[in-house]
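Read the structure below first, then the notes.
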There are 2 protein chains.
Amino acid sequence: MSDHVHTTADLTKNQSLVMGALAKASGPLSAYTILDELRDHGFRAPLQVYRALDKLVEYGLVHRLESLNAFVACSHAECEGHGQTAFTICQSCGDVTELADDDLAVRLKSLAARSGFTVRHSTVELRGTCRDCAAG
Amino acid sequence: MSDHVHTTADLTKNQSLVMGALAKASGPLSAYTILDELRDHGFRAPLQVYRALDKLVEYGLVHRLESLNAFVACSHAECEGHGQTAFTICQSCGDVTELADDDLAVRLKSLAARSGFTVRHSTVELRGTCRDCAAG
DNA sequence: ATCGCACACGTTATACCATTACACAATCAT
DNA sequence: ATGATTGTGTAATGGTATAACGTGTGCGAT
Ligand SMILES: [Zn+2]
Ligand SMILES: [Zn+2]
Ligand SMILES: [Zn+2]
Ligand SMILES: [Zn+2]
């Protein structure tokens, strides 16, 4: 199981429900927002959401946005899991976009390696202004 | 005042106390830990800490670690403020190191610019294993 | 069969992080 | 003086995340 590539088909009931909520959302959701959306499906406590999220993040289907305390479905869930990802977060309209750049991953690893540090997971979150908001 | 480069000499009493707590700490501190350390100096409420932290971060003297919900004194406070910084966070010993790399800043900006996004502030936090923990 | 184990699940309570709202004092420009 | 700005103190609240405990189910080893 641990060397298996998880897809939405492998998920448990709670994991599927949380994944569904994130997949149909237009942007990131907080754990408590997910909880509220799933009360009709029997969810009663934060832990039900957090446990599902832990697994979904572990499987690479969901990313956690540290600077927003929120979670978002991976934009590339259809393909194989990807190693490195970066997010842009528009401070004006709230839009969040996932950028994939393998070269960035290499660069970050080597930057850290200079001081003997081995990267296992990296968080890159860029805040600023999106194209639409800059134009408007 | 707004175009002034702030140093520890410009700070208000509360800002100085918070800055002092962070400066003498060996690593990042949470706002509530700072509060506890400053109770003897008259601090009574979280807001006193958060208000000071807001300013210190604005002045570039302190960085916020999003993935830890904690704050750390800038390693380069003696020099001019720097634009871009990255952190390594050892998951084994908790050690946090600030890495400066201006080239990284350029790369992140241009990566974002490809999709028309203008970066105002970037968060880069690398989690993994530090040299000492890998050796031991 | 049944024991032991791993894993998902449900519930309650608690801990931890951050902000809102209101009031007061000090400072500075006009 | 007056008003605007900024820093401060206090209380209350809101938002995020985990601890601790118990239940049930599936499955391999005995
Ligand atoms: Zn992704
Ligand atoms: Zn925007
Ligand atoms: Zn710094
Ligand atoms: Zn370490």
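Numbers restart at 1 for each chain; the letters A, B, ... are given by sequence-line order, proteins then strands. No hydrogens, no waters, no symmetry mates; every other heavy atom, side chains included, goes into these values.
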For residues 53-64 of chain B, the salt bridge (Lys or Arg N to Asp or Glu O under 4.0 Å) pairs (sequence neighbours left out) are B:Lys55-B:Glu58, B:Arg64-B:Glu66
For A:Thr123 and B:Arg127, test the side chains for any donor-to-acceptor distance below 3.5 angstrom and give the result as yes or no.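 Note: A:Thr123 and B:Arg127 side chains meet the donor-acceptor criterion.
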Ignoring hydrogens and angles, state whether a donor on the side chain of B:Thr97 or B:Asp95 is under 3.5 Å from an acceptor on the partner side chain.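 Yes, because at least one side-chain N or O of B:Thr97 sits under 3.5 Å from a partner of the opposite role on B:Asp95.
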My understanding is that only residues two or more places apart in sequence, or in another chain, count here; which of them pass ring-ring contact (aromatic ring centres under 6.0 Å, His included) with B:Phe87?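 Once residues adjacent in sequence are excluded, the partners of B:Phe87 under the ring-ring contact (aromatic ring centres under 6.0 Å, His included) criterion are B:His63.
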Quick one: which of D:dG7, C:dA8, C:dA18 gets closest to the side chain of B:Gln15? D:dG7
Between B:Ser16 (side chain only) and B:Thr12 (backbone N and O only), is there a donor and an acceptor less than 3.5 Å apart? yes
I'd like to know if the side chain of B:Glu125 and the backbone of B:Ser67 have a donor-acceptor N/O pair within less than 3.5 Å. yes
Is there a residue in residues 22-31 of chain B whose heavy atoms reach under 4.0 Å of DNA chain D, and which residues are they? none
Rounding to a whole Å, what distance do you find between [X]:[atom1] and [N]:[atom2]?
X: A:Asp54; N: C:dC7; atom1: CG; atom2: P; value: 14 Å
X: B:Leu56; N: D:dT6; atom1: CG; atom2: P; value: 17 Å
X: A:Glu66; N: D:dG15; atom1: CD; atom2: C1'; value: 16 Å
X: B:Leu35; N: C:dA18; atom1: CG; atom2: P; value: 13 Å
X: A:Ile34; N: D:dT16; atom1: CD1; atom2: C1'; value: 13 Å
X: B:Arg39; N: D:dG9; atom1: CZ; atom2: P; value: 13 Å
X: B:Leu65; N: C:dC17; atom1: CG; atom2: C1'; value: 15 Å
X: B:Asp10; N: D:dG7; atom1: CG; atom2: P; value: 12 Å

With side-chain contact (heavy atoms from CB on, under 4.5 Å) as the criterion, how do B:Leu68 and B:Val96 come out once you've worked through the C-alpha distance, each side chain's angles and the decisive distance to 0.1 Å? CA-CA 10 Å; B:Leu68 297 178; B:Val96 171; 4.1 Å; yes
Below 4.0 angstrom from OP1 or OP2 of C:dA18, is there any side-chain N or O of B:Asn69? yes
Distance below 4.0 Å between A:Lys13 side-chain N/O and C:dC9 OP1 or OP2: no
In degrees rounded to 10°, what angle is found between the helical axes fit to the five outermost pairs at each end of the helix from C:dA1-D:dT30 to C:dT30-D:dA1? 30°
Heavy atom of residues 41-53 of chain A under 4.0 Å from DNA chain C: which residues?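 Under 4.0 Å from DNA chain C: A:Arg44, A:Ala45, A:Leu47, A:Gln48, A:Arg51.
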Between B:Lys24 and B:Glu37, does a side-chain contact (heavy atoms from CB on, under 4.5 Å) hold up when you go through it step by step? CA-CA 11 Å; B:Lys24 80 162 197 276; B:Glu37 289 194 8; 3.9 Å; yes
What distance do A:Leu22 atom CG and A:Thr33 atom OG1 have between them, rounded to the nearest 0.5 Å? 10.0 Å
Using 4.0 Å as the upper bound for N to carboxylate O, is an ion pair formed by A:Arg107 and B:Asp103? yes
Side-chain donor/acceptor contact of B:Tyr32 with base of C:dA15 under 3.5 Å: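 Answer no: no donor N or O sits under 3.5 Å from an acceptor.
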Show, in sequence, the C-alpha distance, side-chain angles and deciding distance for B:Phe43 and B:Val49, and conclude whether the side-chain contact (heavy atoms from CB on, under 4.5 Å) test is met. CA-CA 8 Å; B:Phe43 274 53; B:Val49 178; 3.8 Å; yes
Residues that A:Arg39 engages under side-chain hydrogen bond (donor to acceptor under 3.5 Å, both in side chains), provided they are two or more places apart: A:Asp36
